[in-house]
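What follows is a single structure, written as structure tokens, with notes after it.
Letters A, B, ... are given to chains in the order of the sequence lines, protein chains preceding strands, and every chain is numbered from 1. Atom set for the values below is all heavy atoms of this structure, side chains included, hydrogens, waters and symmetry mates excluded. Remember, predicted model here, so these are calculated numbers, not experimental data.
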Amino acid sequence: MHTKEEVKRQMTEAVRRVRAGNPMVGSVTNTVTIQFVANAQLAVGGSAAMVYLPEEGEFLAAAGGAAYINVGTLLPVYAETLPRTAAMLHRLGKPWVLDPVAVGIGEMRSSLLRQLQEYKPSIIRGNASEIIALAGLWGLDGGADCSNVRGVDSRDSVEMAKPAAAALARHTNGAVAVSGKTDLITDGKIAAYSYGGSHFMERVTGCGCSLGGVAAVYAAAASPFIAALTASAVYNLAGKRAESKAQGPGSFYTRFLDELYIASPEEIAENPFELERV
Amino acid sequence: MHTKEEVKRQMTEAVRRVRAGNPMVGSVTNTVTIQFVANAQLAVGGSAAMVYLPEEGEFLAAAGGAAYINVGTLLPVYAETLPRTAAMLHRLGKPWVLDPVAVGIGEMRSSLLRQLQEYKPSIIRGNASEIIALAGLWGLDGGADCSNVRGVDSRDSVEMAKPAAAALARHTNGAVAVSGKTDLITDGKIAAYSYGGSHFMERVTGCGCSLGGVAAVYAAAASPFIAALTASAVYNLAGKRAESKAQGPGSFYTRFLDELYIASPEEIAENPFELERV
Amino acid sequence: MHTKEEVKRQMTEAVRRVRAGNPMVGSVTNTVTIQFVANAQLAVGGSAAMVYLPEEGEFLAAAGGAAYINVGTLLPVYAETLPRTAAMLHRLGKPWVLDPVAVGIGEMRSSLLRQLQEYKPSIIRGNASEIIALAGLWGLDGGADCSNVRGVDSRDSVEMAKPAAAALARHTNGAVAVSGKTDLITDGKIAAYSYGGSHFMERVTGCGCSLGGVAAVYAAAASPFIAALTASAVYNLAGKRAESKAQGPGSFYTRFLDELYIASPEEIAENPFELERV
């Protein structure tokens, strides 16, 4: 297991690399939060491009440093776009983040998420219910059926999703980030708990989606575990700072984007977290 | 007719119930303002989920406390999604809000709005031109052809739309909210005039759409008339307050979301309104 | 060649006409920045309507004072919507703006942009790489293949795109606006360099798209060259002003919309620019 100091060093390095290299990250993502995803990716130093068509998903998979796939608002064309984009990412060995938003709503969503299993996302990001349901859908330990998925909210605690998260991470040989009051990030061997954030993050749509998009940006410059932890850290730091200057969800959102931009590599690495063996 | 005090009591109760119960409201809505709709629904205490596919619309209709259908930016798949979602809502007796944005633009829009007539939306929200045109399309009193609909703007005054609004409300046995300088809300028996708002609400896209989305949130916790009136009240209150702190439409939007969140149940109920028999 | 004073007079007049006449501008545009486009169009005094369907694109082409077509996030239905909308605009002699976002990504994008050539957009707006690549795609002088197009970013300087911009403008008998650190606007005979802006404009998604949308608003009230120059001037002015009050991209975006709204016709015309013969 890496020491905490070594993890911090790698986080600092990931943030610096992104700001220096401005990696392009393609996304197929939902239309509710698509602007927030792009703005968050830009705020941390990445470059964003969003598409809907299969051939364009493949193009971005090949051209980008990493990619982000979010199943939030499915369109008919996604029946082709998502598998073809993920297949290309997998074939080229490009890191990519899967956000299994609202897994359990509708047959197409389940069918697509089943198909994506073989393309092994480098990072899976979701709330506790989604992580448990995805592990269930993929027949992994810690999984369960989708009965607790309620739209985009989560009824399960992050801790309850730990076995599912670890099983998913071992399956993909990547990392899983479970978003909650405290965030859990694991690669199946170590688990990190990242602290901070704000109650406003549940009152502004897209804090989860854009966290996934930002994790993809860092995945272009670091291992899946470091990328997911760095993304959670900057979100928890920016959320805490933004809350202290916000009067409500509108000013929180505005300030949150500012804080994503302002946070220094060292501050992000120093945002409180703990490591443990899984 | 209810007394004003009784109406205020029910409005206060609606706001409290929403904040305590966090009702999930599914939407099929336009892509221009979809983020604003979700953020407004979250700001007043609801939970938001947006979809495009027919089976997912049906799923949310069954799973949610209410729903919102906005025809602003039609996609081909809506030919199935809108009727099937509305049919499911009607069959299950779930409250739902129809926003007949830009009725009169294109054949598909007219065809879909004709089909939705039989599923009797609990609340119809639109500007004066849209309400008059929808009544015309549905063959009701007070209706007229669509010649005065100009994109998403309205040339008719709220008062001119009163007969159409009353006819629509009697037809659906629900409520109709006509947005304008003063808002008119009627259930066909009583009419409420809700005061406040801001000139900036015409300079920020989505104030109408998100008002419809917020009315759906309150419809999960109150009668259509009370839900529509409460939504108008919080919008007029938040708009007036936000304007006093805004330098332009950008800061107005930010502050408006803050004010939706901050407003207390009592303040919302006390926002100026008048009642009269229709 | 017009004198600088005459150009300023026409810019002032364009801004005044838009604020007085509130021209309706229809858009078929990308979903990432669609809300920003609408809000920017409203902030400068226009009226916005966005659609996806072919018949609705044609309707807005006929009903509006101008239109905006942005190929950023293509959907399958755009194979019909874009050519039919552009054909209608061309047939009716309506001014329209083409934003060839990410030209070079995918076959459908290239195919659509080839089809749009014959409908001669009044204004073409893009970054340097996009302008060069579009000229290449259309077989014009100064064009080149798409190898330097990197998602939505530009590697080429505005100056390098000058021959392509001039060739495009002569081909369409309209104007071309090349966005960069300094913006270049040309009608093939004169070139204007517009100064100002902010480094934050690359850290907020949609500053380019919404500039195109605003150019369409002014095109409803002025010649293509004056419309494109006026749009660049208000963007450079608002960007510079917003940066001085911003802590990061979130507050920059909010303040930027405010400044678009606040800027007076005279201030916009006085924003620094230079004219030269091409």
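Residue contact with chain C, scored on non-hydrogen atoms closer than 4.5 Å, involves the backbone and the side chain of A/Q35 alike.
Listed by sequence position, A/L75, A/V77 are the residues of residues 71-83 of chain A in contact with chain C, using a 4.5 angstrom heavy-atom cutoff. Of residues 246-268 of chain A, those residues with a non-hydrogen atom less than 4.5 Å from any non-hydrogen atom of chain C are, in numerical order, A/T254, A/R255, A/L257, A/D258, A/Y261, A/I262. Taking 4.5 Å as the heavy-atom cut-off, none of the residues of residues 199-216 of chain A approach chain C.
Distance alone, capped at 3.5 Å, is enough to place a donor-acceptor pair between the A/E55 side chain and the C/M108 backbone.
Residue pairs satisfying the side chain to side chain donor-acceptor pair (under 3.5 Å) criterion with at least one member in residues 57-70 of chain A, sequence neighbours excluded, are listed as follows: A/N30-A/N70, A/E58-A/R84, A/Y68-A/N70, A/Y68-A/D99.
Counting heavy-atom neighbours within 6.0 Å of A/K181 NZ, excluding the residue itself, gives a total of 12 or less.
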